[in-house]
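In what follows, a single structure is set out as structure tokens and then discussed.
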Amino acid sequence: MDVTTDAAAPWLIVGLGNPGPEYAANRHNVGFMVADLLADRIGGRFKRAGRAQAQVVEGRIGPPGPLNRRVVLAKPMSYMNLSGGPVNALRDFYKVPVGHVVAVHDELDIDYGVLRLKLGGGDNGHNGLKSMTKAFGAEYHRVRFGIGRPPGRMPVADFVLKDFSSAERKELDYFVDRAADAVEALVIEGLERAQSTYNS
């Protein structure tokens, strides 16, 4: 498995979600929200990526000098459970090693707004991660954005495809901003330092 971290290689930061306005504010689309904020920060706008079923923004993150990183922000335009194909096509096109791929996604087993950064591991039932792992292996980075468990007996599929509650929305912008900070820290400073700051 290609887990090299060639410093000159670009980073591919993938926000996971479902395309279409009806899904835009869903819990399952928090990866898209973080990707959109990162695009704003680097002054880019998402555009269709050639043959890949995705939208991308190319740019740089970090201070001038050796810590400045070339990044490709991506939002797969397939549905969540088919994310691996578009991401792998982008990885091949931009020559991104697996160790330079970052998936930003919702996580049921973490309380709302809490972040966890990790490298590799299982998919925990997340269809976007499952598809990515099937496409190119599990040794990519994850920025896991906690959404908590569904209340009562609500099915998980219904919960993740619902919009954030009004109470959650009061803090959502702050948590999305913090997740974008965590992605930048991961890319610029490395996993361990980013974990020490953002894994709460």
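As the structure is a prediction and not an experimental result, all values here were calculated from the model.
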Taking every heavy atom of Pro97 against every heavy atom of Ala9, the minimum-distance pair comes out as CD-CB, 3.5 Å
For the atom pair CE (Met132) and CG (Leu16), what is the distance rounded to the nearest 0.5 Å?
6.0 Å
Rounded at 0.5 Å granularity, tell me how far CG in Asp173 sits from CE in Met33.
9.5 Å
Taking Asn26 for its side chain and His28 for its backbone only, find out whether a donor-acceptor pair lies under 3.5 Å.
no
Between the side chain of Ser131 and the main-chain N/O of Asn127, is any donor-acceptor distance below 3.5 Å?
no
Over all atoms of both residues, closest heavy-atom pair of Tyr94 and Pro10:
O-CG, 3.4 Å
Between His141 and Ala103, is there a donor-acceptor pair closer than 3.5 Å when you use the side chain of the first and the backbone of the second?
no
Indicate if Phe32 and Val30 have the same hydrophobic cluster label, given that clusters are the connected sets of ILVMFWY residues with side-chain heavy-atom separations under 4.5 angstrom.
no
Could I get the full list of ring-ring contact (aromatic ring centres under 6.0 Å, His included) partners for Phe175, not counting sequence neighbours?
Tyr112
One pair to check against side-chain contact (heavy atoms from CB on, under 4.5 Å): Val98 and Arg91. What are the steps and the verdict?
CA-CA 8 Å; Val98 174; Arg91 201 178 70 78; 3.6 Å; yes
May I ask you to test the Val183-Leu38 pair for a side-chain heavy-atom distance under 4.5 Å?
yes
Shortest non-hydrogen contact between Ala39 and Val57, atoms and distance
CB-CG2, 4.1 Å
Smallest separation among heavy atoms of Pro19 and Tyr79, with atom names:
CD-CD2, 3.9 Å
If you compare all heavy atoms of Ala138 against all heavy atoms of Gly121, which two are closest, and at what distance to 0.1 Å?
CB-O, 3.6 Å
Is it the case that the side chain of Gln195 and the backbone of Leu117 share a donor-acceptor pair, with hydrogens and angles ignored and the cut-off at 3.5 Å?
yes
Please work out whether the ring planes of His105 and His126 are parallel, tilted or perpendicular, with thresholds of 30° and 60°.
perpendicular
Atom NZ of Lys118 and atom CG of Leu191: how far apart are they, to the nearest 0.5 Å?
11.0 Å
For a 4.5 angstrom cut-off between non-hydrogen side-chain atoms, does Arg193 reach Leu186?
no
Can you find a heavy atom in the side chain of Asn68 that is under 4.5 Å from one in the side chain of Pro63?
no
Hey, mind stepping through Phe46 and Asp36 against side-chain contact (heavy atoms from CB on, under 4.5 Å) and telling me if it holds?
CA-CA 8 Å; Phe46 278 100; Asp36 285 338; 3.4 Å; yes
Donor-acceptor pair, Ser83 side chain versus Met80 backbone, under 3.5 Å?
yes
Holding to ring-ring contact (aromatic ring centres under 6.0 Å, His included), I want the full list of residues that pass it with Phe145, two or more places apart in sequence or in another chain.
none
Here the gap from Asn88 atom CG to Lys134 atom NZ, rounded to the nearest 0.5 Å, amounts to 12.5 Å
Student check: side-chain heavy atoms of Ile42 and Leu73 closer than 4.5 Å
yes
Tell me, do Phe164 and Glu171 make a side-chain contact under 4.5 Å, heavy atoms counted?
no
Under the side chain to side chain donor-acceptor pair (under 3.5 Å) criterion, do Asn124 and Asp109 qualify, and how do the steps go?
CA-CA 9 Å; Asn124 203 24; Asp109 286 338; 2.9 Å; yes
Salt bridge flag under 4.0 Å for residues Arg41 and Glu184
yes
Which heavy atom of Leu37 sits nearest to which heavy atom of Asp177, and what is that distance?
CD2-CA, 3.5 Å
Donor-acceptor contact below 3.5 Å, side chain Arg144 vs main chain Arg116:
no
With the 4.5 Å side-chain cut-off for hydrophobic clustering, are Tyr23 and Leu82 part of the same group?
no
Donor-acceptor pair, Arg153 side chain versus Pro150 backbone, under 3.5 Å?
no
Do the side chains of Asn18 and Asn29 get nearer than 4.5 Å, heavy atoms only?
yes
On the six-membered ring of Tyr198, is Arg178 placed so that its NZ or CZ lies under 6.0 angstrom from the centre and within 45° of the ring axis?
no
Should Arg27 and Asp163 count as an ion pair when the cut-off is N to O under 4.0 Å?
no
Decide whether Leu108 and Leu161 are clustered together by the hydrophobic rule: side chain heavy atoms of Ile, Leu, Val, Met, Phe, Trp, Tyr closer than 4.5 Å, transitively.
yes
Could you walk me through whether Val104 and Ile13 pass side-chain contact (heavy atoms from CB on, under 4.5 Å), step by step?
CA-CA 7 Å; Val104 186; Ile13 300 166; 4.3 Å; yes
With rounding to the nearest 0.5 Å, note down the distance linking CD in Gln53 to CE in Met77.
9.0 Å
Are Val34 and Val187 connected into the same hydrophobic cluster when the rule is that any two of I, L, V, M, F, W, Y join if their side-chain heavy atoms are below 4.5 Å apart?
yes
Taking the side chain from Arg70 and the backbone from Glu58, do they hold a donor-acceptor pair closer than 3.5 Å?
no
Can you measure from NZ (Lys95) to CG (Leu12) and round to the nearest 0.5 angstrom?
13.5 Å
Arg142 side chain to Tyr140 main-chain N or O, any donor-acceptor pair under 3.5 Å?
yes
Cluster check Leu172, Val160: I/L/V/M/F/W/Y, side chain < 4.5 angstrom:
yes
